[in-house]
Amino acid sequence: MENDKTIEVLNTLITINNDRIEGYETAAKETEEHDLKTFFSDLKQTSVNCNEELSREVTRLGGTATDGTKATGKFFRVWMDVKAALTGNDRKAILNSCEYGEDVAKDTYKDALENDLENLNAEQQSMIKEQHALLVADHDKVTMMRDLEMDK
């Protein structure tokens, strides 16, 4: 196992969490609805906590934790969709966009767990599995909230 490859995997997860943080900050600023502001803040906090743990591990390995986001590609477009939905104040559209963003984050973790195990020690694998479980739980909360809106 090479430190550089491990750091690269961890930084990929940091980047997706940075995207998630930025996306939920945008979403919270754009909505006027208190329950959504609180909800988005809670979702953002999951990624803040994950990033703190991931960053500590990158530093322990002698690397530098990335502070960037993927300002291009699928995730960026998702958050632009969220912003457009918020402007129209359409809760269903907002939550549909959030669910898609959650899918991207969840899949990024799944990919690391399926394709990068040889680059991660047992403790790192455990940390990533625990964080993946948190993201799956957040995804399920978004889905549940969206489904409640569709039932209205």
Side-chain angles (χ1 to χ4, degrees), residues 1-31 36-87 91-147:
M1 178 171 31
E2 294 179 38
N3 268 1
D4 290 347
K5 289 192 184 283
T6 302
I7 291 166
E8 182 181 329
V9 172
L10 298 174
N11 271 330
T12 296
L13 300 176
I14 290 170
T15 298
I16 202 68
N17 279 293
N18 287 344
D19 287 338
R20 206 169 169 266
I21 290 164
E22 188 174 288
Y24 284 122
E25 282 176 350
T26 299
K29 286 177 194 169
E30 296 295 326
T31 188
L36 287 180
K37 283 185 181 291
T38 301
F39 185 57
F40 296 149
S41 177
D42 291 346
L43 295 172
K44 173 188 150 189
Q45 192 59 48
T46 299
S47 282
V48 168
N49 295 342
C50 289
N51 268 3
E52 288 172 359
E53 195 173 20
L54 291 164
S55 294
R56 277 193 303 273
E57 185 63 11
V58 167
T59 300
R60 188 188 71 74
L61 293 170
T64 301
T66 186
D67 59 0
T69 61
K70 290 183 180 181
T72 60
K74 289 190 275 187
F75 211 83
F76 180 74
R77 286 192 298 276
V78 166
W79 291 117
M80 291 304 98
D81 290 346
V82 168
K83 189 166 184 173
L86 288 164
T87 303
R91 288 175 66 99
K92 289 177 200 168
I94 294 165
L95 294 167
N96 274 331
S97 293
C98 290
E99 184 182 29
Y100 180 78
E102 290 298 312
D103 286 340
V104 173
K106 194 173 66 164
D107 290 347
T108 302
Y109 269 78
K110 184 179 175 189
D111 184 60
L113 290 169
E114 289 177 353
N115 300 315
D116 291 308
L117 290 181
E118 70 276 3
N119 298 315
L120 302 166
N121 66 31
E123 292 83 15
Q124 292 160 347
Q125 289 177 31
S126 178
M127 172 183 63
I128 292 169
K129 285 177 186 172
E130 289 171 16
Q131 290 184 5
H132 181 248
L134 293 172
L135 292 176
V136 168
D138 279 358
H139 174 274
D140 293 347
K141 290 175 196 171
V142 170
T143 301
M144 184 179 70
M145 195 170 213
R146 187 221 41 216
D147 290 349

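Predicted, not measured: the structure shown is a model, and the values here were computed from it. One is the number of the first residue; the rest follow in order along the sequence.
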Next item on the list: Could you tell me whether a side-chain N or O of Asn17 sits under 3.5 Å from a main-chain N or O of Leu13, the two making a donor and an acceptor?
Entry: yes
Note to self: Within this structure, what is the SG-NE2 distance for the pair Cys50 and His132, rounded to the nearest 0.5 Å?
What the structure shows: 11.0 Å
Next item on the list: Please check if atom CG in Asp67 has more than 12 non-hydrogen atoms from other residues, nucleotides or ligands closer than 6.0 Å.
Entry: no
Notebook entry, point to check: For the atom pair CD (Gln131) and CE (Met127), what is the distance rounded to the nearest 0.5 Å?
Noted result: 5.5 Å
Check: Run the salt bridge (charged side-chain N to carboxylate O under 4.0 Å, His left out) check on Arg56 and Glu53 step by step: do they pass?
Finding: CA-CA 5 Å; Arg56 277 193 303 273; Glu53 195 173 20; 5.2 Å; no
Notebook entry, point to check: For the side-chain contact (heavy atoms from CB on, under 4.5 Å) test, which of Thr12, Leu10, Val9, Ile128 pairs with Asp116?
Noted result: Val9
Notebook entry, point to check: What's the spacing between Ser55 OG and Arg60 CZ if we round to 0.5 Å?
Noted result: 13.5 Å
Next item on the list: Taking all heavy atoms of Leu61 and all of Gln124, pick out the closest pair and write down the distance.
Entry: CD1-NE2, 3.7 Å
Margin query: What I'd like to find out is whether the side chain of Glu102 reaches to under 4.5 Å of the side chain of Asp140, using heavy atoms alone.
Written below: no
Notebook entry, point to check: Got Val136 and Tyr109 here, is their nearest side-chain heavy-atom distance under 4.5 Å?
Noted result: no
Note to self: Please enumerate all residues that pass side chain to side chain donor-acceptor pair (under 3.5 Å) together with Asn49, with sequence neighbours excluded.
What the structure shows: Gln45
Item checked: Pairing residues for Glu52 by the side chain to side chain donor-acceptor pair (under 3.5 Å) criterion, not counting sequence neighbours -> none
Note to self: Can you give me the closest heavy-atom contact between Thr66 and Asn11, atom names plus distance?
What the structure shows: N-OD1, 2.9 Å
Note to self: Could you tell me if the side chain of Phe39 sits less than 4.5 Å from the side chain of Leu95, heavy atoms only?
What the structure shows: yes
Next item on the list: Would you give the length of the straight line joining atom NZ of Lys141 to atom OG1 of Thr46, rounded to the nearest 0.5 angstrom?
Entry: 6.0 Å
Item checked: side chain to side chain donor-acceptor pair (under 3.5 Å) involving Glu25 - partner list, sequence neighbours excluded -> Lys44
Item checked: Least distance between heavy atoms, Leu135 atom then Ala105 atom -> CD1-O, 4.3 Å
Next item on the list: Please confirm whether the backbone N or O of Val104 pairs with a side-chain atom of Thr108, one donor and one acceptor, at under 3.5 Å?
Entry: yes
Next item on the list: Please round to the nearest 0.5 Å and tell me the distance separating atom CG of Leu113 and atom CG of Leu120.
Entry: 7.5 Å
Check: Are the side chain of Glu99 and the backbone of Val142 linked by a donor-acceptor contact shorter than 3.5 Å?
Finding: no
Next item on the list: Locate the shortest heavy-atom distance separating Ala28 from Phe40; write the atom from each residue and the value.
Entry: N-CD1, 3.7 Å
Check: Roughly how far, to the nearest 0.5 Å, is NZ of Lys106 from CG of Asp103?
Finding: 5.0 Å
Note to self: Donor-acceptor pair, distance only, cut-off 3.5 Å: does the side chain of Arg20 make one with the backbone of Leu43?
What the structure shows: yes
